[in-house]
Amino acid sequence: MPVPEYGAWLRRGISRDGGPLIEDREVVWLQAGPYYADSRGFAGTTCFDGSRVLFRHLTGEPGEDTGTFRREGANLVEWGTNPDGSTFLEVWTPLPGAEGLTGSWSGPDHHVVRVGPHVVHVDSLTGTYWRL
């Protein structure tokens with residue numbers, strides 16, 4: 001399935017290379033049309049090829065990763081592959097209040113995505129999430 005066109009998601013856990021599902025920090029992913037920002041420090045565009053979603057990192061941490069999504073209730077479960085060939089499984093739950101204004105803005109060294117009151121700013125050093 002493609003990623004939702006607009007959404008604000010909080011990661012509930014990640015499994016790396018088949019390991020246990022853990023969460024060691026708050027991670028927020030915002031999607032506004034084809035643009036996304038991830039508070040881990042990367043942002044860019046997504047595209048869907050009919051079976052997989054490609055995340056192109058255009059700002060922040062370089063790379064591309066691919067994933068497939070499925071719904072489990074309100075959650076999205078993503079299984080994917082990193083550029084180094086390692087695999088991951090992430091569970092994403094919707095953040096409340098993801099209605100209202102949405103947008104994506106970029107400059108020479110930054111990218112900002114807003115979904116409702118949720119904002120993620122990514123530059124070459126870090127990603128930052130805040131709620132308006």
What are the two closest non-hydrogen atoms of Gly7 and Val115, and how far apart are they?
-> O-CG2, 3.6 Å
Rounded distance (nearest 0.5 Å) linking atom CG of Leu58 with atom CD of Glu64 | 8.5 Å
Find out whether Leu95 and Tyr129 are in side-chain contact, i.e. whether some heavy atom of one side chain is under 4.5 Å from a heavy atom of the other.
-> yes
So, Asp65 side chain and Thr81 main chain: donor-acceptor pair closer than 3.5 Å or not?
-> no
Are the side chain of Glu72 and the backbone of Ala74 linked by a donor-acceptor contact shorter than 3.5 Å?
-> no
Where Gly103 and Ala32 come nearest, the two heavy atoms and their spacing | O-CB, 3.9 Å
Do Tyr36 side-chain atoms and Arg56 backbone N/O form a donor-acceptor pair below 3.5 Å?
-> yes
Can you find a pair of side-chain heavy atoms, one from Ser39 and one from Val122, that are under 4.5 Å apart?
-> no
Under 3.5 Å: donor-acceptor pair, side chain of Arg114, backbone of Gly116 | yes
Is there a donor-acceptor pair under 3.5 Å between the side chain of Asp38 and the backbone N or O of Gly41?
-> no
For Phe55, look at atom CZ and say whether over 12 heavy atoms of other residues, nucleotides or ligands are found less than 6.0 Å away.
-> yes
Evaluate side-chain contact (heavy atoms from CB on, under 4.5 Å) for Thr87 paired with Trp79, printing each intermediate quantity in order.
-> CA-CA 7 Å; Thr87 62; Trp79 181 87; 4.0 Å; yes
Look at Arg12 together with Glu23 and state whether they make a salt bridge at an N to O cut-off of under 4.0 Å.
-> no
side-chain contact (heavy atoms from CB on, under 4.5 Å) between Gln31 and Thr46, worked out | CA-CA 9 Å; Gln31 187 75 37; Thr46 59; 2.9 Å; yes
State, with a plain yes or no, whether a side-chain heavy atom of Phe88 is found less than 4.5 Å away from one of Ser15.
-> no
Any side-chain heavy atom of Ser106 sitting closer than 4.5 Å to one from Tyr35?
-> no
So, do Phe69 and Trp29 have ring centers that fall under 6.0 Å from each other?
-> yes
Is the number of heavy atoms from other residues, nucleotides or ligands within 6.0 Å of CZ (Arg131) greater than 12?
-> yes
Salt bridge check: are Glu90 and Arg40 linked by an N-O gap of less than 4.0 Å?
-> yes
Taking side chain as C-beta onward, heavy atoms only, is Leu54 less than 4.5 Å from Asp49?
-> no
For the atom pair CG (Leu76) and CZ (Arg71), what is the distance rounded to the nearest 0.5 Å?
-> 5.0 Å
Relative to each other, are the rings of His110 and His121 parallel, tilted or perpendicular (30° and 60° limits)?
-> parallel
